[in-house]
Amino acid sequence: MTLTHPWFLLGLLALGVPVFLHLYELRRPQRVLFTNVEFIREVKLLSAKQRRLQHLLVLGLRLGFLALLVLLFCQPFIPAAQQKATLEANTNILIDNSPSMTAEAGKGKSAFEQAVEEIQGITQAFPRTTQYRMWTGQAPQASIPADNMSEVLNQLNPSAASNRIGMQLRQLKNHLAGAKQTTFVASDFQKTDFDLADVRGLRAAGEVYLLPLTLRSTANVYVDSVFSPEEFVRSGVDLPLHVRLRNGGSREALDVQVRVFIGPGQVAAYTSTVAAGGMVENIARVRLNGATTQYCRVEIEEQPVTYDNTYYFTLKPTGRIRVVDVSGGGTATQKLYPNETVFAYTQLRPDNNARAVSNADLLLIQGNSQLSAAWQVSVAEFVRQGGTLVVVPPTTASLRAGYEQLWAVLGLTSVRWTTGNTAQELAVLNQQNPFFKDVFAEQTRQPDMPVATPVLSWGRSTTDVLQFRDGQPFLSGFRSGEGMVYLFASPLQAGFSTFAEHPLFVPVMYRLATLSKASEQLPAYRLTDRAVVLRQPAAGTAGAEQVYRLRNDSNSYVPTQQVRNGRLYLQLPAPMRQPGYYQLILNDKVLTTLAFNVDKKESELAQYSAEELRQLTAAYPNVHVYEAGGERSAAAQLAEEHNGTPLWRYCLIGALLCLLGEALVLRFGQRRERPTAQAA
C-alpha cells in the first residue's frame, strides 16, 4: 500500500486524545447508594467488569475512527502491478458511429450512447491540458481542448455513410506517420467490420485502448439482395422478383412481416421465419407499367433493430438492344436479329458515315467489309467507351490490311493470319463457361458440332467461348478499354464454316447481343461505396459547366465527379447519410434516380467480445482492452491501470462503521447495567 499524501499521518497524534479521556474517566470517583449492604460486593464486581469492557470497546472504536479518518486524507492505494505510461498530450478518439451502434447494448441505451458516455468519462478523468482529435469521418477534426469535448461529443450522431472502424484505424496510422499518441477506440467491433490487421498497423503508434460495447442478444432480419433471373426487365410483362432475407442476429426470427412495393402500390406481402445466421428466399411476381424508372422497396416489420428494415431499389424497363451490322453483302444476321422485337437492327455499308455506330450496343463487322481509316477511328472510340464489337474475318485477302490496322488500334497484338489449315470440328461447348449461363437446358446426349476452317489464330484472350477440337480458339473475347471485342477465327460464309447453319448459331449470336446491353445503373447502391460508376447519362450542352448533383427531398449534394471513357464517376460526399432515393441532376434536369441503402455488413451483429479481443491482441503490449458499458466504466478501469487501486473509499466506510459501533455499544451496554443495579 502507498500513500498519496503521507504527511497527513501527523494526524495520528490525535489518537492520544481519546486515550487521555479514557484514563481520566476511570480515575473519577463514583458514589453508589444501596439500601441493603449485603449485596454491595457482588454488585461492585459485576459493574466493574461490564464498565471495563464497555470502555475498552468504545476506546478501540474511537481510535479506529480517528486512524481511518487520517488514512482517508492520506489517500492510500495499491500500486498497479505494471504501471502504464501516462497519456500523451495529444489523444485520438475514435467513436464508431455506424448504424449497428444504434442497437441496444443494455440499461435501455444504445451502444452509441454508451460509447459517448465512456469517452466523456475518460476526458473528465484526465488532465485538462490534454488535446483531443475526434475521428468520425475520413479525416480528424482539429485539436479540441478538454473543456470543449463534452459539447463535441453531444453533437455526434450515427451515420449510414460512416467509414468502418478498421478503415478509420488505417487512416489514423497514415496520419500519425510513426508519431506516438494515445488512441481510444469505442466500437461494437463487428466480426464483418473489424480485423486484427487494422490494429497491427498501430503497434508502434503509442498506447491503443479498445473499448468494446456488448450488444444485447437479439434477432435481426434484413434484405440481403433483390434480383430477377430474367435477362431484361420488360414493361407490361410479369417479372419474378427474388427477395433474399438473412438473419444477422443470434436468435431465431419468427413470422417476420415482409411487404414489397413497386412505386406507390403494394404488390406482395408475406411472413417468413428465419433462423439465426440463416437465409430465406421468396419469389414475388411483379409487373412494371410504362418506361420510366420505378421507385421500389422491401419493408420488414421487426424490432428492436430497425435501421435496416427498409431496402430501397429501382427498376427500369430495358430498352431495345441496338445492333448495327456493318457488312458488304448478304449475311445470316440480316434475318436473325429482326425476328425479335427486343433488337433494334440496323444494317450499314462500309461506305456509310462511320459516326452512325456511336449509339449502338453491339457492332458487327463482317461480310468482306472494307474498313477505312475513319471507320477504324470510330470503331476504336466505340469500344473504348464501353461498346461490344464482333469481328468476322473476310474471305478476301486484299481486305486484310484494314483489319490488321483495326486490331492494332484495339491493342489485339497477338492476332495472326494463318494459311493451309483444314476444316475441323468444334469441341463440345463448356456449359460451365459464364458466357453460356442460363442459355442451354441439360444435355442428354453429345450434340453434333459445326465444322470450320480457321484463317486467324491468337494467343491469350480474356475469355474463350468456343474452341476447335485441337484446343485452338474459334470464338474469343478480348477486353479493350471499357468495352469487349469478340473475334471469330473463321468467316461465316459457306465453304469456310457451317456455324451459320448450325442450331448453335442463334443462341450464341443472341448472347453476344444481350451481353452488349450494359445497364446504365445498378438497382441499388450502398452509402459506404467509395464511388458510383454510371454510363454518362447526358453529354450536356457544349461549353456549359457540367456539374452533377444528387438530390434527396430538400437536401442537395455535389459529389466529386469525373467523366472518363464515357463513364461518370461519382464519389459520394460525407454529409450524404440518409438511405433512400437520390435524383441525379444536371443543369436542373433530372437524368435518373439512384437508390442507396445501409451496408449489409452493418446488419451482421456478431461481434468480438472483450476476452476475444484480448486474445487477438495478446502479442501487442501497447494495445489494451477495457470492457465498456458495464458496472465499472472504462475511465475507472483506466485510472486503476495507471494509478493502482484506490483505498480511500474503504477508509471512509470503515470510519462510518466505527461510529456506528460506538453508538451501539453505548446504547446496549447501559441497558445491561440497569437490571443488575435494580436487583441489588
Side-chain angles (χ1 to χ4, degrees), residues 84-102 105 109-159 161-177 179-190 193-194 198-199 201-213 574 577 610 613 617 620 622-629 633-639 641-642:
K84 303 297 180 184
T86 58
L87 289 179
E88 303 292 339
N90 294 321
T91 301
N92 299 292
I93 302 294
L94 276 73
I95 296 183
D96 187 354
N97 64 335
S98 61
S100 64
M101 291 289 286
T102 61
K109 296 181 180 179
S110 67
F112 182 77
E113 292 173 336
Q114 289 191 354
V116 171
E117 289 183 359
E118 293 287 354
I119 297 300
Q120 284 180 335
I122 289 173
T123 58
Q124 294 172 1
F126 290 96
R128 307 188 69 83
T129 57
T130 305
Q131 296 287 321
Y132 298 93
R133 286 192 179 93
M134 182 68 65
W135 290 73
T136 55
Q138 297 182 352
Q141 299 180 10
S143 295
I144 305 172
D147 294 337
N148 298 339
M149 275 299 296
S150 179
E151 180 181 354
V152 173
L153 290 171
N154 290 331
Q155 293 176 353
L156 296 180
N157 291 297
S159 169
S162 172
N163 286 338
R164 56 186 293 266
I165 199 69
M167 184 180 297
Q168 295 188 40
L169 286 172
R170 289 195 294 272
Q171 293 170 350
L172 172 63
K173 172 192 172 184
N174 297 333
H175 178 78
L176 293 178
K180 292 186 177 296
Q181 294 184 3
T182 303
T183 301
F184 292 94
V185 183
S187 172
D188 54 1
F189 293 101
Q190 291 174 275
D193 189 44
F194 178 78
D198 299 329
V199 178
L202 297 176
R203 58 182 179 271
E207 301 296 316
V208 180
Y209 298 90
L210 306 182
L211 313 179
L213 284 306
R577 302 178 176 182
L613 288 175
T617 59
Y620 306 99
N622 69 311
V623 180
H624 320 286
V625 180
Y626 297 144
E627 188 169 1
S633 66
Q637 298 176 56
L638 183 61
E641 194 78 18
H642 278 266

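Numbers here simply count residues along the sequence, with the first being 1.
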- Item | Donor-acceptor contact below 3.5 Å, side chain Thr617 vs main chain Tyr620 | no
Taking Asn622 for its side chain and Gly206 for its backbone only, find out whether a donor-acceptor pair lies under 3.5 Å. yes
Result for side-chain contact (heavy atoms from CB on, under 4.5 Å) between Ile144 and one of Val152, Thr130, Thr91 points to Val152
* To do: Verify whether one side chain among Gln120 and Asn154 offers a donor that lies under 3.5 Å from an acceptor in the other.
  => yes
Looking only at heavy atoms, what is the nearest atom pair of [X] and [Y], with distance?
X: Ala610; Y: Val625; answer: O-CG1, 3.7 Å
X: Ala111; Y: Leu213; answer: O-CG, 3.7 Å
X: Ser98; Y: Pro158; answer: O-CB, 4.3 Å
X: Asn157; Y: Phe112; answer: N-CZ, 3.9 Å
X: Tyr132; Y: Ile93; answer: CD2-CG1, 3.9 Å

Aromatic plane relationship, Phe189 with Phe194 - under 30° parallel, 30 to 60° tilted, over 60° perpendicular = perpendicular
Gap separating the [atom1] atom of [X] from the [atom2] atom of [Y], nearest 0.5 angstrom:
X: Phe184; Y: Leu94; atom1: CZ; atom2: CG; answer: 11.5 Å
X: Lys109; Y: Glu117; atom1: NZ; atom2: CD; answer: 3.0 Å
X: Ile119; Y: Ile95; atom1: CD1; atom2: CD1; answer: 5.0 Å
X: Asn148; Y: Thr123; atom1: CG; atom2: OG1; answer: 11.0 Å
X: Thr183; Y: Leu172; atom1: OG1; atom2: CG; answer: 4.5 Å
X: Asp96; Y: Met101; atom1: CG; atom2: CE; answer: 5.0 Å

- Task: Please report the C-alpha distance between Leu156 and Asn97 in whole Å, then the side-chain angles of each, then the deciding distance to 0.1 Å, and finally whether the side-chain contact (heavy atoms from CB on, under 4.5 Å) criterion is met.
- Result: CA-CA 8 Å; Leu156 296 180; Asn97 64 335; over 6 Å; no
Should we say atom CD of Glu151 is surrounded by more than 12 heavy atoms from elsewhere, each under 6.0 Å from it? no
Exercise. In sequence, state the C-alpha distance, the side-chain angles, and the governing distance for Asp188 and Asp193, and then conclude on side-chain contact (heavy atoms from CB on, under 4.5 Å).
Key: CA-CA 10 Å; Asp188 54 1; Asp193 189 44; 5.7 Å; no
### Task
Assess whether side-chain contact (heavy atoms from CB on, under 4.5 Å) is satisfied between Met134 and Leu153, documenting all intermediate values.
CA-CA 9 Å; Met134 182 68 65; Leu153 290 171; 3.3 Å; yes
